Amino acid sequence: MNSYAAHIAAVQARFDAALAATDFESVLVYAGQPRVAFLDDNAAPFKVNPLFKYWIPVTDSPKSAIFYTPGERPVVFLFQPRDFWHAAVKIAPAEWQEHVELVVIDELDKLTAHLGDKIKTTAFLGEDFAEPVKSWPVRARNPQNLIDHLHFHRALKTDWEIENLRVANERAAKAHLAAKEAFFAGKSELEIHHAYLAAINFRESELPYNSIVGLNEHGAILHYDVYETSAPAESRSFLIDAGATYRGYCADITRTYSRSETGFFADLVNAVDTAQQELLTEIKPGLNYYQLHVSQHLKIAQILSDFDLVRGSAESIYEQGFSSAFFPHGLGHFIGLQVHDVGGFLRNDRGDLYDRDPRHPFLRLLRPIEAGQVFTIEPGLYVVDQLLEAHADAKELNWERIDELRPYGGVRIEDSIVVGENGNNENLTRDAFAKF
């Protein structure tokens, strides 16, 4: 059995279990459709329902749907409207079509006619903001217990999913190297962003998220996406957080560069990179991801001490909350069909949740680590004045040293990791860079 055949068999088994546990006879997974802006008729770029592309690698066919009853062949309703305004969606022959019953429709009424009374006993999964979908007489719409069951098990990736993640990371790594070259050539943020897209021949709407392309102090803005059109007089530092997609699966990579190969900021980038790689050796099944987060905080705290940004031991810097002022976000998150993939807080497939720690409220993943999970590891260290205000009178903070770092913004390094047995993990990101 090849990897896609094994994948769709696993998806069917997971849906079988979820439907049985939640007492539904069948499921209708709607791909979704574009939304228009308020008081406008121009639609935003279409983003497919992740549970739709979980079944088949089709990401650009809005108003399509998948109907599945356990024990029966999945039915894919592929929507291809008769429309002289737009180019028709082209679905090339592919392996997934061998595993489904394919029904091409040009009106959604043909879907409901095909299903007949079956639609009345099915669970609907997807957006339903528009007619006629909004009025379909389904048994339930997005039942939380069904979604929780699916999301809990979706954290373990199939071999086919990991193959797609490898390719997505290779695409992103290639684009990252083009962006790095543009930075050292003195380009503006917008020009760097254009170089990134050109390297992999992507439209901006094909990216999994808005790229962060920050020069100098902009590297301290965690979700910076302004893209200055003029290059600064001096490009001291460069932080890029950008990804790519393949068959609906996402890459999410961050790298930080110093213009100078030596000096304070170059040394800091190397220190964060080393600390991140040290943490990667700690990943193994059975460990809780929260423990990794705390371990990385202690490593960042040690860097703060080593670079005389904060005075004290790593333990005291962490316990007093100083490390959170410099490293405010979570260590990482699940990644797959979504950049911030789901299920990070689920204790089980019944929907019970882990309590978020008020000390680390932005951590997106609290589950124990298991083989087959894929998640990011992305420590950072930044000068964020809003966060430092709470420690304005702390004698431990070396403000002269902090002022020295401020013009560089900050550092973040991010890799995606496939958890293996006994710590035999795969670093999708660094393996991708090694190919170029």
Side-chain angles (χ1 to χ4, degrees), residues 3 6-19 21-22 27 29 49-55 57 125 142-166 168-169 208-209 243 245-252 280 282-293 330-357 362-378 414-429:
S3 61
H7 168 76
I8 197 168
V11 171
Q12 287 181 251
R14 291 176 181 179
F15 270 80
D16 290 349
L19 291 167
T22 54
V27 65
V29 184
N49 177 357
L51 288 171
F52 181 89
K53 61 179 177 173
Y54 191 31
W55 285 86
L125 297 178
N142 298 314
Q144 193 61 49
N145 58 349
L146 179 59
I147 290 174
D148 287 340
H149 200 292
L150 294 169
H151 282 182
F152 180 79
H153 294 284
R154 194 152 70 78
L156 300 183
K157 302 300 188 257
T158 66
D159 289 343
W160 185 77
E161 291 183 289
I162 293 170
E163 289 171 11
N164 294 334
L165 288 167
R166 287 192 190 107
N169 273 267
Y209 58 95
T245 55
Y246 179 70
R247 289 177 174 167
Y249 287 82
C250 304
D252 180 3
L280 298 181
E282 300 175 18
I283 297 171
K284 60 183 178 181
L287 191 70
N288 193 290
Y289 193 89
Y290 181 86
Q291 294 172 264
L292 282 181
H293 181 70
L331 176 63
H333 49 80
F334 282 144
I335 187 167
L337 289 165
Q338 296 165 267
V339 176
H340 296 150
D341 221 344
V342 293
F345 302 119
L346 288 170
R347 287 181 177 271
N348 50 49
D349 58 18
R350 298 182 300 279
D352 297 322
L353 299 174
Y354 287 97
D355 294 329
R356 298 199 189 201
D357 185 341
F362 304 115
L363 183 58
R364 298 176 184 270
L365 178 52
L366 294 173
R367 283 170 60 168
I369 294 170
E370 298 179 65
Q373 291 177 346
V374 184
F375 48 67
T376 65
I377 297 291
E378 47 180 304
E414 179 181 18
D415 295 340
S416 290
I417 308 300
V418 181
V419 181
E421 299 288 353
N422 303 315
N424 184 25
N425 307 318
E426 177 182 355
N427 190 320
L428 295 169
T429 306

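Everything numeric here is computed off the predicted structure, so don't read it as measured data.
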(request) Give the intermediate values and the outcome of side chain to side chain contact (heavy atoms under 4.5 Å, CB included) for residues Leu346 and Asp352. (result) CA-CA 6 Å; Leu346 288 170; Asp352 297 322; over 6 Å; no
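- Rounded to the nearest 0.5 Å, atoms CZ (Arg364) and CZ (Phe345) are 7.5 Å apart.
- Using bins of under 30°, 30° to 60° and over 60° for the plane-to-plane angle, the ring pair Trp55/Phe15 lands in the tilted bin.
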(message) For a side chain to side chain contact (heavy atoms under 4.5 Å, CB included) check, start with the C-alpha distance between Tyr354 and Tyr290, then their side-chain angles and the critical distance, and finish with the verdict.
(response) CA-CA 11 Å; Tyr354 287 97; Tyr290 181 86; over 6 Å; no
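- Within the 3.5 Å criterion, the main-chain N or O of Val11 finds no donor-acceptor partner in the side chain of Tyr54.
- Within the 3.5 Å criterion, the main-chain N or O of Ser416 finds a donor-acceptor partner in the side chain of Thr429.
- Ile335 and Ala251 get closest at one heavy-atom pair: CD1-C, 4.0 Å.
- Every side chain to side chain donor-acceptor pair (under 3.5 Å) that Arg166 has, sequence neighbours left out, goes to Glu426.
- Asp16 contributes no side-chain N or O that, together with a main-chain N or O of Leu19, makes up a donor-acceptor pair within less than 3.5 Å.
- Considering CG of Asn145 and CG of Asp349, their distance stands at 10.5 Å, rounded to 0.5 Å.
- Judged by the 6.0 Å distance and 45° axis criteria, Arg154 is not positioned over the aromatic ring of Phe334.
- Rounding to the nearest 0.5 Å places CG of Leu287 at 12.5 Å from CD of Glu370.
- Between the side chain of Tyr209 and the main chain of His340, no donor-acceptor pair closer than 3.5 Å is present.
- One finds the CG atom of Leu331 at 12.5 Å from the CD atom of Gln291 (value rounded to the nearest 0.5 Å).
- Asn49 places a side-chain N or O within donor-acceptor distance of the main-chain N or O of Leu51, the cut-off being under 3.5 Å.
- Across all their heavy atoms, Arg14 and His153 have their closest contact at NH1-O, 3.2 Å.
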(request) Check the pair Leu150 / Leu125 against side chain to side chain contact (heavy atoms under 4.5 Å, CB included), numbers first and verdict last. (result) CA-CA 11 Å; Leu150 294 169; Leu125 297 178; 3.8 Å; yes
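- Considering only heavy atoms from C-beta on, Ile147 comes within 4.5 Å of Gln144 through its side chain.
- Atom CG of residue Asn424 and atom CD of residue Glu421 lie 9.0 Å apart, to the nearest 0.5 angstrom.
- When side chains are defined from C-beta on, Tyr249 does not count as touching Lys53, because their heavy atoms never get closer than 4.5 Å.
- The closest side-chain donor-acceptor pair between Asp252 and His333 falls under 3.5 angstrom.
- Shortest non-hydrogen contact noted between Pro50 and Leu337 is O-CD1, 3.5 Å.
- For the pair Cys250 and Ala168, the tightest heavy-atom approach, listed with the atom from each and the gap, is C-CB, 4.1 Å.
- Looking at heavy atoms from C-beta onward, Arg247 lies in side-chain contact with Trp160 at the 4.5 angstrom threshold.
- Side chain of His151 to main chain of Asp341: no donor-acceptor pair is present (N/O by atom type, distance under 3.5 Å, no hydrogens or angles).
- When every heavy atom of Leu363 is checked against every heavy atom of Tyr289, the shortest pair comes out as CD1-CE2, 3.8 Å.
- Within the 4.5 Å cutoff, no side-chain heavy atoms of Ser3 are placed close to those of Thr158.
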(message) Quick one, Leu292 with Ile369, criterion side chain to side chain contact (heavy atoms under 4.5 Å, CB included). Give me CA distance, side-chain angles, the key distance, then yes/no.
(response) CA-CA 10 Å; Leu292 282 181; Ile369 294 170; 3.6 Å; yes
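- For Ile417, the side chain to side chain contact (heavy atoms under 4.5 Å, CB included) criterion is met by Leu280, Ile283, Phe375, Ile377, Asp415, Asn425, Asn427, not counting sequence neighbours.
- The shortest non-hydrogen separation linking Pro285 to Ala371 is CG-N, 4.1 Å.
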